[in-house]
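These notes concern the structure reproduced below.
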Amino acid sequence: MNGHFEAEERQDQRPEQELTWSWGYRPRSALDRVKAMAPPPPLTPSTPLLHGEFGSYPARGPRFALTLTPQALHIQRLRPKPEARPRGGLVQLTEVSGCCTLRSRSPLDSAAYFCVYTYPRGRRGGRRRAARTFRADGAATYEENRAEAQRWATALTCLLRGLPLPGDGEITPDLLPRPPRLLLLVNPFGGRGLAWQWCKNHVLPMISEAGLSFNLIQTERQNHARELVQGLNLSEWDGIVTVSGDGLLYEVLNGLLQRPDWEEAVKTPVGILPCGSGNALAGAVNQHGGFEPALGIDLLLNCSLLLCRGGSHPLDLLSVTLASGSRCFSFLSVAWGFVSDVDIQSERFRALGSARFTLGTVLGLAALHTYRGRFSYLPASVEPASPAPALGLPRATSELALVPAPAPAVAHSPLHRSVSDLPLPLPPPALASPGSPEPLPVLSLNGGGPELAGDWGGAGDAPLSPDPLLPSPPGTPKAAQLSPISEGASEMAASSGLPPPTPGAPVAISAGGPPDHLLPSLGTPLPPGWVTMEGDFVLILAILPSHLGADLVAAPHARLDDGLVHLCWVRSGISRAALLRLFLAMERGNHFSLGCPHLGYAAARAFRLEPLTPRGVLTVDGEQVEYGPLQAQVHPGLGTLISGPPGCPGREA
């Protein structure tokens with residue numbers, strides 16, 4: 001049957017390796033049934049999957065022909081007059097967050113409705129939300145119209161989540177598994193204190209549109225996220241997503257690697273939604289997804305779209321051993337010299353947001369220092385492709401300062417401010433942390449929240465209400481009861497804020513994690529095959545992903561899982577003007593093409609850094625660590641990053 005839908009667009013002011021899995025692509029009963037079917041024929045990007053004539057909401061609007069392909073939803077107006085040049089007639093799935101089915105609150109309306117949430121780019125490049133609602137009215141009964149609306153919603157959801165569609169089988173909501181469950185960790189004061197506002201206004205509505213279930217917790221203090229993940233029952237979660245800068249993800253990864261079951265725990269997919277002043281990994285994810293370079297809200301919306309699509313990618317981690325013998329894991333960088341100086345000295349300008357790094361760079365250039373040291377590395381057996389221009393996305397740093405190893409456990413309430421669409425044990429309001437933002441809103445899944453209600457209230461038409469694709473059978477609870485979220489054994493009192501970090505204090509020690517089989521003990525000679533250089537340096541940077549900041553592409557040829565640490569250094573003798581040119585060129589990843597004689601690069605599997613200057617600053621993922629010798633080794637694909645489907649760079653017009 002061909003359904004009849006009607007459409008309305010509402011514009012709101014809100015702004016080479018295959019995936020290891022996608023949302024819902026797990027051995028669950030619904031998918032087992034799909035896999036048991038005959039394999040579908042290969043699909044090309046333009047293969048029509050569904051096609052039909054559709055009518056309008058509100059009911060007095062035009063009629064359309066819709067065609068769904070693996071990459072886009074094509075919309076052509078049929079009546080009252082076909083458009084010679086259709087406006088908004090092509091909706092790329094890369095711009096779609098999700099969809100839902102709806103029904104009229106009028107008992108006389110036999111039509112069913114299908115709403116698609118999109119985030120197209122405007123004329124000025126920024127994304128704006130648009131909800132397009134189609135009306136299925138081609139049959140005499142509501143049940144038949146509802147089945148057609150569900151067929152389209154199911155097919156679109158499968159395409160968005162990377163789920164297989166049956167070759168010749170019927171497309172029904174039974175193809176869809178349960179909604180993925182995400183734990184969102186938000187630093188409410190990240191990004192000049194805008195993180196919570198951005199999360200509430202942009203992130204929560206979008207993941208609700210995508211049909212993702214979530215529990216959100218606001219972190220209250222330094223190392224809170226690390227303690228939380230140590231006490232999680234990880235089998236109940238499909239992913240842990242940080243809504244902040246890079247520092248919160250650093251805590252999560254090191255918390256997972258401190259668990260007794262770290263080998264399984266570190267496989268938990270982690271994601272990042274950029275709401276901090278340092279958003280380096282988000283810049284790399286944005287590039288991996290094929291989006292144009294972006295900052296601020298646009299970068300957040302891009303990464304949120306990729307999160308809604310699902311899909312993970314192996315993530316290399318760097319095991320860093322410090323002079324005291326403590327060990328931590330890095331997903332970003334180790335820095336010494338100019339980069340680490342700017343990171344730490346710009347902390348006093350945190351209220352400026354990402355502009356703090358620009359000001360810090362100017363001040364660093366004015367007081368340029370050189371540092372004497374010995375730098376050794378184990379070269380990669382296979383060199384990567386030569387540096388090439390790449391998309392760029394200011395300096396990466398964390399939102400949470402590092403603290404010494406935690407003191408012995410003291411009494412602490414394991415409750416935190418949270419909001420959820422899952423039946424989790426939530427804290428009483430009286431236990432909300434002092435100074436937290438305004439009370440959390442009540443959101444419901446897939447379009448029932450207050451931000452979405454205005455999409456389905458056409459003037460003169462009966463308002464619409466959500467009509468879930470997969471209603472629970474009689475007697476089935478709405479959702480499985482999840483375990484209470486507890487914290488690790490080592491805690492500090494919630495009511496006592498943390499003192500400022502002591503300079504040179506070690507990062508939290510990770511007792512777990514794989515052994516560093518490439519590294520001898522610090523202070524012992526290096527084995528054969530290592531390269532050593534000694535001299536005066538302006539900076540030394542060891543980086544894993546491509547981006548050092550949302551708009552700084554330090555290693556344009558790096559991949560999330562290439563198994564390499566990319567080493568960059570600048571020797572003494574470079575002028576301030578030449579150093580400034582390097583960082584300006586780094587915005588597009590073109591700094592290696594300048595031919596600067598002071599700039600060096602090597603791809604390595606491990607390295608050792610021995611500062612010979614008595615004073616200086618060392619950072620790991622933007623956090624200051626104890627000053628002294630350190631060494632590190634890459635552990636390829638140790639982590640798992642929620643990255644969304646890979647895209648082709650420059651695919652956006």
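- Note that CG of Leu630 is 7.5 Å distant from CG of Leu522, once rounded to the nearest 0.5 Å.
- Residues Leu539 and Cys568 share a closest heavy-atom pair of CD1-O, 4.2 Å.
- Inter-residue side-chain proximity for Leu618 and Leu609 is flagged as met; some heavy-atom pair is nearer than 4.5 Å.
- Closest approach of Arg605 and Pro379 over heavy atoms only: CD-O, 4.2 Å.
- Ring-plane geometry between His557 and Phe592 is classed as perpendicular, the angle between the planes exceeding 60 degrees on a 0 to 90 degree scale with a lower cut at 30.
- Summarising the geometry of Leu564 relative to Ala603, their closest heavy-atom pair is CD1-CB, 4.1 Å, with the distance given to 0.1 Å.
- Annotation: the span from Ile272 atom CD1 to Ile240 atom CD1 amounts to 13.5 Å, rounded to 0.5 Å.
- Contact check for His591 versus Pro556: side-chain heavy atoms found under the 4.5 Å cut-off.
- In this structure a side-chain-to-backbone donor-acceptor pair under 3.5 Å is missing from Asp562 to Ala558.
- Residue Arg559 holds its CZ atom at 13.5 Å from CG of Leu315, rounded to the nearest 0.5 Å.
- Residue Leu183 forms a side-chain contact (heavy atoms from CB on, under 4.5 Å) with just one option from Leu216, Leu234, Ile217, Val252, and that option is Ile217.
- Considering only residues two or more places apart in sequence or on other chains, Ser319 meets the side chain to side chain donor-acceptor pair (under 3.5 Å) condition with Arg327, Asp516.
- In this structure a side-chain-to-backbone donor-acceptor pair under 3.5 Å is missing from Asn590 to Ala585.
- Residues Val186 and Val203 have side chains not in contact (no heavy-atom distance under 4.5 Å, counting atoms from C-beta outward).
- Looking only at atom types and distance, the side chain of Ser244 has no donor-acceptor partner in the side chain of Thr242 under 3.5 Å away.
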Derivation of the side chain to side chain contact (heavy atoms under 4.5 Å, CB included) call for Leu594 and Leu599: CA-CA 9 Å; Leu594 296 181; Leu599 175 64; over 6 Å; no
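- Listed here is the closest heavy atom pair of Asp316 and Pro636: OD1-CA, 3.2 Å.
- By the 4.5 Å heavy-atom criterion applied to side chains, Leu579 and Ile574 are counted as neighbours.
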Test log, rule side chain to side chain contact (heavy atoms under 4.5 Å, CB included), inputs Asn302 and Arg127: CA-CA 9 Å; Asn302 286 354; Arg127 294 195 183 277; 2.6 Å; yes
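- Judged by distance alone, the side chain of Arg259 and the main-chain N or O of Val266 form no donor-acceptor pair under 3.5 Å.
- The structure places OG of Ser546 at 7.0 Å from CG of Leu560, a figure rounded to the nearest 0.5 Å.
- Within the 4.5 Å cutoff, side-chain heavy atoms of Leu544 are placed close to those of Val565.
- The shortest side-chain heavy-atom distance between Leu641 and Phe331 does not fall under the 4.5 Å cut-off.
- Side chain of Thr219 to main chain of His224: no donor-acceptor pair is present (N/O by atom type, distance under 3.5 Å, no hydrogens or angles).
- The closest donor-acceptor contact from the side chain of Gln218 to the backbone of Pro188 lies at 3.5 Å or more, if one exists at all.
- Applying the side chain to side chain contact (heavy atoms under 4.5 Å, CB included) criterion to Pro514, with sequence neighbours excluded, gives Trp262, Phe329, His635, Leu638.
- By the side chain to side chain contact (heavy atoms under 4.5 Å, CB included) test, Glu610 is found to be paired with Arg374, Arg608, Pro629, residues two or more places apart in sequence or in another chain being considered.
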Leu232 vs Thr268, side chain to side chain contact (heavy atoms under 4.5 Å, CB included): CA-CA, chis, key distance, verdict: CA-CA 11 Å; Leu232 283 181; Thr268 303; over 6 Å; no
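- Distance alone, capped at 3.5 Å, is enough to place a donor-acceptor pair between the Ser304 side chain and the Leu300 backbone.
- Taking the six-membered ring where tryptophan is involved, the planes of Phe583 and Phe338 are tilted, since the angle between them lies from 30° to 60°.
- The environment of CZ in Arg571 is crowded: more than 12 heavy-atom neighbours from other residues, nucleotides or ligands sit within 6.0 Å.
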Leu273/Trp198 under side chain to side chain contact (heavy atoms under 4.5 Å, CB included): CA gap, chis, key distance, verdict: CA-CA 10 Å; Leu273 296 179; Trp198 285 12; over 6 Å; no
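- Between the Glu626 side chain and the Ser324 main chain, a donor and an acceptor come within less than 3.5 Å of each other.
- Minimum interatomic distance between Pro515 and Gln633 (heavy atoms only, all atoms of both residues): O-NE2, 4.4 Å.
- With rounding to the nearest 0.5 angstrom, the OG1 atom of Thr532 is 13.5 Å from the CZ atom of Phe607.
- Side chain of Asn286 to main chain of Leu299: no donor-acceptor pair is present (N/O by atom type, distance under 3.5 Å, no hydrogens or angles).
- Here the side chains of Glu251 and Val229 are not in contact, with every heavy-atom distance at 4.5 Å or above.
- Atoms CZ and OH, on Arg615 and Tyr627 in that order, are 10.0 Å from each other to the nearest 0.5 Å.
- Looking at every heavy atom in both residues, Pro269 comes nearest to Ile642 through CB-CG1, 3.7 Å.
- Leu306 pairs with exactly one of Pro645, Ser643, Pro646 by the side-chain contact (heavy atoms from CB on, under 4.5 Å) rule, that one being Pro645.
- Between the side chain of His547 and the main chain of Ala282, no donor-acceptor pair closer than 3.5 Å is present.
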